[in-house]
Undergrad: 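Dropping a structure here in C-alpha cells format, bear with me for questions.
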Amino acid sequence: MKKDLVELPTATADGEFIARYSGNGLAGLDFPGRGRAELPLGQAARQRRPAASNALPAKIKGWHRMTGAALKRILSGRDPKALPPLDWEGATDFQRSVWRQMLKLSAGKTKSYGEVAAAIGNPKAVRAVGSACGANPIPVLVPCHRILAANKKIGGFGGGLEWKRKLLAKEGIRF
DNA sequence: GACAGATGAAGGA
DNA sequence: TCCTTCATCTGTC
C-alpha cells in the first residue's frame with residue numbers, strides 16, 4: 001500500500017527539485033528534469049499538491065523550508081545546517097545503515113563503496129552498498145554522490161553521472 | 001530460488 | 001599498466 005505523499009517543488013539555481021513528504025518527514029527527492037519535474041515551473045507538483053498551499057500542514061511547510069535551505073547549501077558546496085526528518089519507512093536495515101554512513105560525510109569528503117561497507121561492519125558487501133546507494137530515495141540530501149568507486153573513479157549515480165560530477169565539482173572534489 | 005548490480009581484488013598479457 | 005575474471009553480499013522478482 002502506498003502512503004499518500006505531498007509533492008512540493010523546490011527551486012534552486014540548478015533547477016526545480018521535487019520533494020515528497022509523508023506524515024513522518026521527507027520521503028523522496030527528484031532531480032530537475034526527471035519525472036514530474038520536467039513540467040514547467042510551478043506545474044510540476046500540482047497533481048498531488050493541495051489546492052491552496054495554506055492547506056498544507058504546518059509541519060510540512062516547516063520541513064519544506066528546511067529542505068530548500070539544505071538543498072541550496074549543498075548545491076553551493078556547504079554542509080546543510082539542518083535537515084528535515086527523513087522518512088525511510090520500507091527501507092531495509094542494511095539500506096538505512098548505508099544511508100546513515102552517507103549522512104556522516106560532510107561536504108568535500110568522500111568514501112569508497114568499500115569503506116562504507118567496512119564502516120557498517122560488512123567489508124565484503126561492497127556491491128550491496130552500491131545497490132543501497134541506487135535505492136536512495138533522497139539523493140543530494142543523503143549524499144550518495146560522495147561515494148566513489150575505488151581509485152577515486154566516479155562509479156555510478158542513480159540521478160545520472162552528470163549530476164554526480166556537478167555535485168562533486170561544487171564541493172571541490174577531484175576524481 | 002535465481003538473477004542482477006553504482007564493486008573490489010587478483011592474475012595474466 | 002590495462003583488461004578480464006571471479007568472489008562476495010544484498011535486493012528484487
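Every value quoted in this text rests on a predicted model; they were computed, and no experiment measured them. In what follows, every chain begins at residue 1, and chains take the letters A, B, ... in the order their sequences are listed.
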Undergrad: Keeping to residues at least two apart or across chains, list the ring pair (Phe, Tyr, Trp, His ring centres under 6.0 Å) pairs with something in residues 96-121 of chain A.
TA: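 Sorted result for residues 96-121 of chain A: A:Trp88-A:Trp99.
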Undergrad: Indicate yes or no for a side-chain donor-acceptor contact from A:Asn151 to the backbone of A:Lys153 under 3.5 Å, with no hydrogens or angles considered.
TA: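 No: the side chain of A:Asn151 does not pair with the backbone of A:Lys153.
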Undergrad: Could you tell me how far apart A:Gln101 (CD) and C:dT10 (C1') are, to the nearest whole angstrom?
TA: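 The distance from CD of A:Gln101 to C1' of C:dT10 comes to 17 Å, rounded to the nearest Å.
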Undergrad: Would you say the side-chain atoms of A:Lys164 pair up with the backbone N or O of A:Ile154, donor to acceptor, closer than 3.5 Å?
TA: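 Yes; judged by distance alone, with no hydrogens or angles, the pair exists.
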Undergrad: Which atoms form the tightest heavy-atom contact between A:Gly121 and A:Pro123, and what is the distance?
TA: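 Residues A:Gly121 and A:Pro123, closest heavy atoms: C-CD, 3.6 Å.
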Undergrad: Quick check: does any side chain N or O of A:His64 sit under 3.5 Å from a backbone N or O of A:Pro9, one acting as donor and the other as acceptor?
TA: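 Answer holds: yes.
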Undergrad: Evaluate the criterion salt bridge (charged side-chain N to carboxylate O under 4.0 Å, His left out) for residue pair A:Arg20 and A:Asp87; output intermediate values, then yes/no.
TA: CA-CA 10 Å; A:Arg20 288 192 297 274; A:Asp87 180 7; over 6 Å; no
Undergrad: At what distance, to the nearest 0.5 angstrom, does CG of A:Leu75 lie from CG of A:Leu167?
TA: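 Answer for the CG-CG pair, A:Leu75 versus A:Leu167, is 6.5 Å.
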Undergrad: Looking at DNA chain B, which of residues 115-123 of chain A put a heavy atom within less than 4.0 Å of it?
TA: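 Close to the strand, none.
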Undergrad: Are any protein N/O atoms closer than 3.5 Å to N/O atoms in nucleotides 11-13 of chain C? If there are, list each pair with its distance.
TA:
from: C:dG11; atom 1: OP1; to: A:Thr92; atom 2: OG1; distance (Å): 2.4

Undergrad: Identify each atom pair where a protein N or O and an N or O of nucleotides 10-13 of chain B are less than 3.5 Å apart, giving names and distance.
TA:
none

Undergrad: Please tabulate, for the side chains in residues 103-112 of chain A, all donor-acceptor contacts under 3.5 angstrom to protein atoms that are two or more places apart in sequence or on a different chain.
TA:
from: A:Thr110; atom 1: OG1; to: A:Lys152; atom 2: NZ; distance (Å): 2.9
from: A:Ser112; atom 1: OG; to: A:Gly114; atom 2: N; distance (Å): 3.4
from: A:Ser112; atom 1: OG; to: A:Glu115; atom 2: N; distance (Å): 3.1

Undergrad: To the nearest 0.5 Å, how far apart are OG1 in A:Thr67 and CG in A:Leu26?
TA: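 Answer for the OG1-CG pair, A:Thr67 versus A:Leu26, is 4.5 Å.
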Undergrad: Does A:Arg73 use its side chain to pair, donor to acceptor, with the backbone of A:Arg78 at less than 3.5 Å?
TA: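 Judged by distance alone, no pair lies under 3.5 Å.
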Undergrad: By ring-ring contact (aromatic ring centres under 6.0 Å, His included), which residues pair with A:Phe94, not counting sequence neighbours?
TA: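 Expected list: none.
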Undergrad: Between the side chain of A:Gln95 and the main-chain N/O of A:Thr92, is any donor-acceptor distance below 3.5 Å?
TA: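 Checking the backbone N and O of A:Thr92 against the side chain of A:Gln95, a donor-acceptor pair under 3.5 Å is found.
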Undergrad: Between residues 139-153 of chain A and DNA chain B, which residues have a heavy-atom gap below 4.0 Å?
TA: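 Under 4.0 Å from DNA chain B: A:Cys144, A:Ala149, A:Ala150.
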Undergrad: Can you pull every protein N or O that's under 3.5 Å from an N or O on nucleotides 3-8 of chain C?
TA:
from: C:dA7; atom 1: N6; to: A:Arg127; atom 2: NH1; distance (Å): 3.2

Undergrad: In terms of ring plane angle, is the pair A:Phe17 and A:Phe31 parallel, tilted or perpendicular, where the classes change at 30° and 60°?
TA: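 Rings of A:Phe17 and A:Phe31: tilted, 30 to 60°.
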Undergrad: Can you find a pair of side-chain heavy atoms, one from A:Leu8 and one from A:Ile18, that are under 4.5 Å apart?
TA: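 No; the side chains remain at least 4.5 Å from each other.
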Undergrad: So A:Ile147 and A:Met102, do their side chains get closer than 4.5 Å, heavy atoms only?
TA: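 Side chain of A:Met102 against side chain of A:Ile147, heavy atoms only: contact under 4.5 Å found.
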Undergrad: Which pairs count as salt bridge (charged side-chain N to carboxylate O under 4.0 Å, His left out) when at least one residue sits in residues 128-150 of chain A, sequence neighbours excluded?
TA: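 Residue pairs passing salt bridge (charged side-chain N to carboxylate O under 4.0 Å, His left out), neighbours aside: A:Arg146-A:Glu171.
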Undergrad: In what stems does DNA chain B take part, counting only runs of at least 3 consecutive Watson-Crick or G-U pairs whose two distances fall under 3.5 Å?
TA: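 Listed by first number, the stems are B:1-5 with C:9-13, B:7-13 with C:1-7.
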Undergrad: Nearest 0.5 angstrom please: A:Ser131 OG to A:Asn136 CG, how far?
TA: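 Spacing of OG (A:Ser131) from CG (A:Asn136) equals 13.0 Å.
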Undergrad: Return the residues of residues 106-114 of chain A meeting this criterion: a heavy atom under 4.0 Å from some atom of DNA chain B. Order them by number, or give none.
TA: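 Hits under 4.0 Å, by residue number: A:Ser112, A:Tyr113, A:Gly114.
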Undergrad: Could you state the interatomic distance from OG (A:Ser76) to NZ (A:Lys170), rounded to the nearest 0.5 Å?
TA: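 Rounded to the nearest 0.5 Å, the OG-NZ separation comes out at 8.0 Å.
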Undergrad: CH2 of A:Trp163 to NE2 of A:His145: how many Å apart, nearest 0.5 Å?
TA: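 Between atom CH2 of A:Trp163 and atom NE2 of A:His145 there are 11.0 Å.
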Undergrad: Restricting to salt bridge (Lys or Arg N to Asp or Glu O under 4.0 Å), what partner residues turn up for A:Arg127, sequence neighbours left out?
TA: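 Result, salt bridge (Lys or Arg N to Asp or Glu O under 4.0 Å) vs A:Arg127: none returned.
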